[in-house]
2 protein chains.
Amino acid sequence: MYSIQDVSQKTGLSAHTLRYYEKEGLISGVERTAGGFRQYTDEDLERLGLICCLKNTGMSIQEIARFVRLTHEGDHTLEERVELLRAHRELVLERMAEMQKHLDKVTWKLNFFTEKLRAYEAQKAKEKQ
Amino acid sequence: MYSIQDVSQKTGLSAHTLRYYEKEGLISGVERTAGGFRQYTDEDLERLGLICCLKNTGMSIQEIARFVRLTHEGDHTLEERVELLRAHRELVLERMAEMQKHLDKVTWKLNFFTEKLRAYEAQKAKEKQ
DNA sequence: TATTGACTTAGAGTGAACTTTAAGGATTAA
DNA sequence: TTAATCCTTAAAGTTCACTCTAAGTCAATA
């Protein structure tokens, strides 16, 4: 069992953010102590793991909340969840390919400037003689 | 020579955004007609191309503006520019690797759910008999 | 000449995902 | 017991990169 502070450290999310995520429906059913303190289980941590992966691959809070809602509705939403993840995966792959294309141009420009720099330095060295 | 509208179409940036970029120092020295209308050259378009690549790989407007400023300062900033691009490239590569790791987990989860769905459907089919 | 498109400055609005503040009270661990 | 941690609600603030509006003027094209 982990306190909100423990989970904050483990996930890198602030306690504020963890409560915020709970309010937004990203993580639900977190147990409480008799006094009302949150107690996260290992399973909660795992669920948070997936949530972070979805978030870090660019899924919006709203969509993650939708995914989580579906999960709670049971097995009859399996198809929808599979579809949601599949679509997300496709989107991420497309974005990464785009990113790579843009990065290639940056790399090209970098090489161009590196070459130009070499020439410039050579010129400077020559002038110094 | 292209009007702001032409460039908007070619780049996918709105005319508003093009003026905004100019104000923020991302693109400068755009020629004007006698009447003050912007006239973009092919070279401007190329510069915009690089700007979009930097933007699309996650560089902030501020940093792009810095890069552009350095460019205007001449060859003695070549080293700094090379360094800037190199650092940016590294960052993007790291982010993409991270992204890939997160996506792998999503893919794993997707496969898991797909399998679960198959089992669920099989079960439903059996019950129907 | 009429219509459409462009110009300016300056400021307000938008959406996403937090982040912070405030205020007051309860709980927990050493 | 006492210091540290946690709870709540509700709302305001932040950052980024736009996006839009206003108001008035000027230019270009058919």
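Everything quoted here is computed from the prediction, not taken from an experiment. Labels below follow one simple rule: chain letters A, B, ... track the order of the sequence lines, proteins then strands, and each chain is numbered from 1.
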Overall bend of the helix from C/dT1-D/dA30 to C/dA30-D/dT1 (five pairs an end, 10° steps) is 30°

Tell me, which of residues 30-49 of chain B have any heavy atom that sits under 4.0 Å from an atom in DNA chain D?
B/Thr33, B/Gly35, B/Phe37

Could you tell me which residues satisfy ring-ring contact (aromatic ring centres under 6.0 Å, His included) with B/Tyr20, sequence neighbours excluded, listed by chain and number?
none

Pairs satisfying side chain to side chain donor-acceptor pair (under 3.5 Å), at least one member in residues 42-51 of chain A, at least two apart:
A/Tyr2-A/Asp42, A/Thr41-A/Asp44, A/Asp44-A/Arg47

Quick one: salt bridge (charged side-chain N to carboxylate O under 4.0 Å, His left out) pairs with a partner in residues 54-68 of chain B, sequence neighbours left out?
B/Arg66-B/Glu80

Provide, to the nearest angstrom, the distance between the [atom1] atom belonging to [X] and the [atom2] atom belonging to [N].
{"X": "B/Arg19", "N": "D/dT19", "atom1": "CZ", "atom2": "C1'", "result": "12 Å"}
{"X": "B/Asp6", "N": "D/dT29", "atom1": "CG", "atom2": "C1'", "result": "14 Å"}
{"X": "A/Leu18", "N": "D/dT8", "atom1": "CG", "atom2": "P", "result": "12 Å"}
{"X": "A/Ile64", "N": "C/dA16", "atom1": "CD1", "atom2": "P", "result": "13 Å"}
{"X": "B/Glu24", "N": "D/dA17", "atom1": "CD", "atom2": "P", "result": "9 Å"}

A/Ser3 and A/Arg38: side-chain donor and acceptor closer than 3.5 Å?
no

Side-chain H-bond candidate by donor/acceptor type, B/Gln100 with B/Asp104, under 3.5 Å
yes

Would you indicate whether the side-chain heavy atoms of A/Leu18 and A/Tyr40 approach each other to under 4.5 Å?
yes

For nucleotides 17-22 of chain C, tabulate all protein N/O to nucleotide N/O atom pairs closer than 3.5 Å, reporting atom names and distance.
| residue | atom | partner | partner atom | Å |
| --- | --- | --- | --- | --- |
| C/dA17 | OP1 | A/Ile61 | N | 3.4 |
| C/dC18 | OP1 | A/Tyr21 | OH | 3.4 |
| C/dC18 | OP2 | A/Tyr21 | OH | 2.6 |
| C/dT19 | OP2 | A/Thr17 | OG1 | 3.2 |

Report yes if a side-chain nitrogen or oxygen of B/Ser3 is closer than 4.0 Å to either non-bridging phosphate oxygen (OP1 or OP2) of C/dG5; otherwise report no.
no

Is a side-chain N or O of [X] found less than 3.5 angstrom from the main chain of [Y], in a donor-acceptor match?
{"X": "B/Thr114", "Y": "B/Leu110", "value": "yes"}
{"X": "B/Ser8", "Y": "B/Leu13", "value": "yes"}
{"X": "A/Ser28", "Y": "A/Gly25", "value": "no"}

Are the charged groups of B/Glu22 and B/Arg32 less than 4.0 angstrom apart, N to O?
yes

Are the charged groups of B/Glu98 and B/Arg95 less than 4.0 angstrom apart, N to O?
no

